[in-house]
Amino acid sequence: MRLESVELRCIRLPLVAPFRTSLGTERERDVLLVRVVGPDAEGWGECVAFGTPFYSYEYVAGAYDVIKRHLLPRLFAAGDVAAEDVASLLDEVRGHPMAKGAVEMAVLDAELRERGVSFGEFLGAVRPAVDCGVSVGIHENASDLLRTVEGYLDDGYRRIKLKIEPGHDVEPVRAVRERFGDILFQVDANAAYTRDDAQHLAELDEFDLLLIEQPLPEDDIVGHALLAQTVTTPICLDESITSARGAEDAIALGACGVVNIKAGRVGGYLEARRVHDVCAAAKVPVWCGGMLETALGRAANVALAALPNFTLPGDTSASGRYYAEDICEPFVLEDGRLAVPTGPGLGVSPLPDVLERVTTAVETCRP
Ligand code: OSB
Ligand code: MG
């Protein structure tokens with residue numbers, strides 16, 4: 001499609017509850033949305049970068065700047081742009097996968113809406129609904145934590161993930177396992193440990209966790225491979241996996257037995273599908289991670305999570321786990337699952353009045 005204009009829109013949504021990780025506490029979600037407009041269709045992209053660079057180096061204002069100054073001029077100059085060409089057109093700009101992924105998502109959405117094809121159908125979804133887990137932040141005390149987990153289990157979530165950090169690990173894991181018995185249960189450290197913590201992390205082995213997610217720094221692939229020799233719980237990588245080739249290498253090195261796929265982290269849904277494919281070929285199960293997305297990003301994530309090698313429940317929780325009011329019709333859990341949208345493109349669109357109310361800045365860019 002030919003891009004006539006691209007709207008960059010910053011929105012701010014309060015979270016229903018603060019979300020604490022080893023990286024800090026989020027109370028609201030600043031999100032950058034991209035809307036591409038062509039002669040026959042428009043499409044939406046959601047940039048998963050946060051307001052501050054705590055999860056990775058990308059952040060909303062940086063993504064906004066790189067999209068406006070460096071990505072859009074390249075797409076405008078290209079004339080006719082297909083979603084599958086976006087990554088190569090943007091390749092000479094180093095890094096910024098979340099910014100690139102948001103632009104590619106918007107172009108793909110426009111293209112699929114025009115063709116009448118859903119994200120799920122395009123990506124290769126094999127199921128109409130996906131099993132959902134929920135990511136639980138660090139709590140100061142065990143009784144609050146158990147109350148939160150109990151509420152999510154009552155909602156129907158099929159897997160619990162606890163955020164951990166040094167000082168908040170073995171005891172909360174023990175408390176949840178003892179209280180709730182035989183649930184699907186895993187932990188995420190967001191890179192809070194070091195290679196020296198291997199013996200300590202092995203204390204988690206007795207709790208029969210599905211996996212330990214990203215215990216070590218993003219760039220320490222070899223460290224994860226070494227850790228996997230001490231800890232029997234499977235190691236899952238999140239931050240470390242930034243491409244399909246990186247996933248192949250990490251698997252070959254023995255650094256992970258499971259992979260968390262986040263499309264924004266790898267530069268978009270097309271690369272995310274390639275990560276899925278290399279993991280499937282290596283018989284490494286994957287699951288869909290989350291970045292506290294709005295319903296736009298959630299729609300795409302749920303479609304991705306319906307691919308065949310997504311055999312573990314994802315962090316694809318219902319809208320209500322994050323936001324009192326989402327920007328599209330909310331995703332609602334049904335028997336612990338979310339339905340894969342079937343309409344053209346993302347299959348969901350922002351509600352104009354809600355979108356206006358949560359917007360903090362908007363700008364239209366043209367060729
Ligand atoms: O590491 O998976 C993570 C949230 C923010 C940043 C990083 C992570 C997370 C989550 C929550 O775990 C995922 C979600 O529910 O969207
Ligand atoms: Mg993670």
Side-chain angles (χ1 to χ4, degrees), residues 13 15-31 46-60 97-98 130-139 148-149 152 155 157-165 168-169 185-193 209-218 224 234-242 247 250 256 258-266 272 275 286-302 304-305 312-323 326 330-331 333 336 338:
L13 299 173
L15 289 164
V16 292
F19 185 62
R20 177 172 162 200
T21 72
S22 62
L23 308 162
T25 303
E26 295 296 293
R27 292 190 167 74
E28 55 195 11
R29 184 69 169 97
D30 283 310
V31 186
E46 176 168 341
C47 180
V48 300
F50 292 92
T52 53
F54 74 101
Y55 167 84
S56 77
Y57 64 82
E58 290 186 89
Y59 62 102
V60 169
M98 296 174 182
V130 301
D131 287 3
C132 298
V134 60
S135 177
V136 180
I138 293 169
H139 284 56
T148 298
V149 172
Y152 288 140
D155 290 341
Y157 286 105
R158 290 169 176 253
R159 176 276 274 154
I160 296 292
K161 162 172 138 181
L162 278 199
K163 291 291 189 178
I164 59 168
E165 66 181 358
H168 288 95
D169 45 30
F185 187 22
Q186 64 195 50
V187 295
D188 184 3
N190 288 110
Y193 295 87
L209 301 174
L210 289 168
L211 56 91
I212 303 177
E213 181 179 349
Q214 197 70 42
L216 305 181
E218 177 181 334
H224 285 97
I235 304 293
C236 170
L237 292 178
D238 172 358
E239 286 90 326
S240 292
I241 303 298
T242 58
C256 59
V258 183
V259 170
N260 165 331
I261 301 184
K262 291 178 180 171
R265 197 191 61 224
V266 302
V275 176
V286 304
W287 55 281
C288 186
M291 293 288 276
L292 315 178
E293 287 91 344
T294 75
L296 284 174
R298 194 160 311 283
N301 283 346
V302 168
L304 181 69
L312 294 165
D315 282 346
T316 47
S317 308
S319 292
R321 177 258 174 271
Y322 310 92
Y323 306 113
D326 208 331
F331 278 84
L333 210 61
L338 290 182

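Counting starts at 1 for both ligands and their atoms, in listed order. Computed from a prediction, not measured in an experiment: that's the story for all the values here.
- Considering each of K262, M291, E213, the one bringing a non-hydrogen atom nearest atom 3 (C) of ligand 1 is K262.
- Without hydrogens or angle criteria, H224 side chain to L216 main chain gives a donor-acceptor distance under 3.5 Å.
- Side chain of Y157 to main chain of G336: no donor-acceptor pair is present (N/O by atom type, distance under 3.5 Å, no hydrogens or angles).
- A donor atom on one side chain and an acceptor atom on the other are not found under 3.5 Å apart for E239 and S56.
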For Y322 and E293, what are the C-alpha separation, side-chain angles and deciding distance, and is it a side-chain contact (heavy atoms from CB on, under 4.5 Å)? CA-CA 8 Å; Y322 310 92; E293 287 91 344; 5.8 Å; no
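- When atom types are taken as modelled, the side chain of N190 and the backbone of L23 share no donor-acceptor pair closer than 3.5 angstrom.
- Residue contacts with ligand 1 for D188 involve side-chain atoms from C-beta outward but no N, CA, C or O (heavy atoms, distance under 4.0 Å).
- The protein heavy atom nearest to atom 8 (C) of ligand 1 is K163 NZ, 3.4 Å.
- The single protein non-hydrogen atom nearest to atom 14 (C) of ligand 1 is Y322 OH, 3.3 Å, given as residue, atom name and distance.
- Not one N or O on the side chain of R159 forms a donor-acceptor pair closer than 3.5 Å with the backbone of L210.
- The nearest N/O/S atom of E213 to the Mg ion (ligand 2) is OE2.
- Every atom of ligand 1 is numbered from 1 in the order shown, and the set under 4.0 Å from a heavy atom of N190 is 1 (O), 3 (C).
- The nearest heavy-atom contact from the protein to atom 16 (O) of ligand 1 is L292 N, 2.9 Å.
- Scanning all protein heavy atoms for the shortest distance to atom 5 (C) of ligand 1 gives F50 CZ, 3.4 Å.
- Residue D131 comes nearest to T316 through the heavy atom pair O-OG1, 4.1 Å, listed as atom of the first residue, atom of the second, then distance.
- Below 4.0 Å from some heavy atom of S135 lie the following atoms of ligand 1, by number and element: 10 (C), 11 (C), 12 (O).
- Atoms of ligand 1 lying under 4.0 Å from any heavy atom of D238, numbered from 1 in the order shown and given with element: 1 (O), 2 (O), 3 (C).
- The backbone N or O of S135 sits nowhere less than 3.5 Å from a side-chain atom of Y152 that would complete a donor-acceptor pair.
- In summary, K262 and D315 do not engage in a salt bridge, as defined by a charged side-chain N under 4.0 Å from a carboxylate O.
- At least one N/O/S atom of D188, whether from backbone or side chain, sits less than 2.8 Å from the Mg ion (ligand 2).
- When heavy-atom distances to ligand 1 are checked against a 4.0 Å cut-off, K161 comes that close only through its side chain, counted from C-beta outward.
- For the Mg ion (ligand 2), the N/O/S atoms of D238 include one lying under 2.8 Å.
- Distance alone, capped at 3.5 Å, is enough to place a donor-acceptor pair between the R29 side chain and the M291 backbone.
- Looking only at protein heavy atoms, the nearest one to atom 4 (C) of ligand 1 is F19 CE2, 3.5 Å.
- The protein heavy atom nearest to atom 13 (C) of ligand 1 is G290 O, 3.3 Å.
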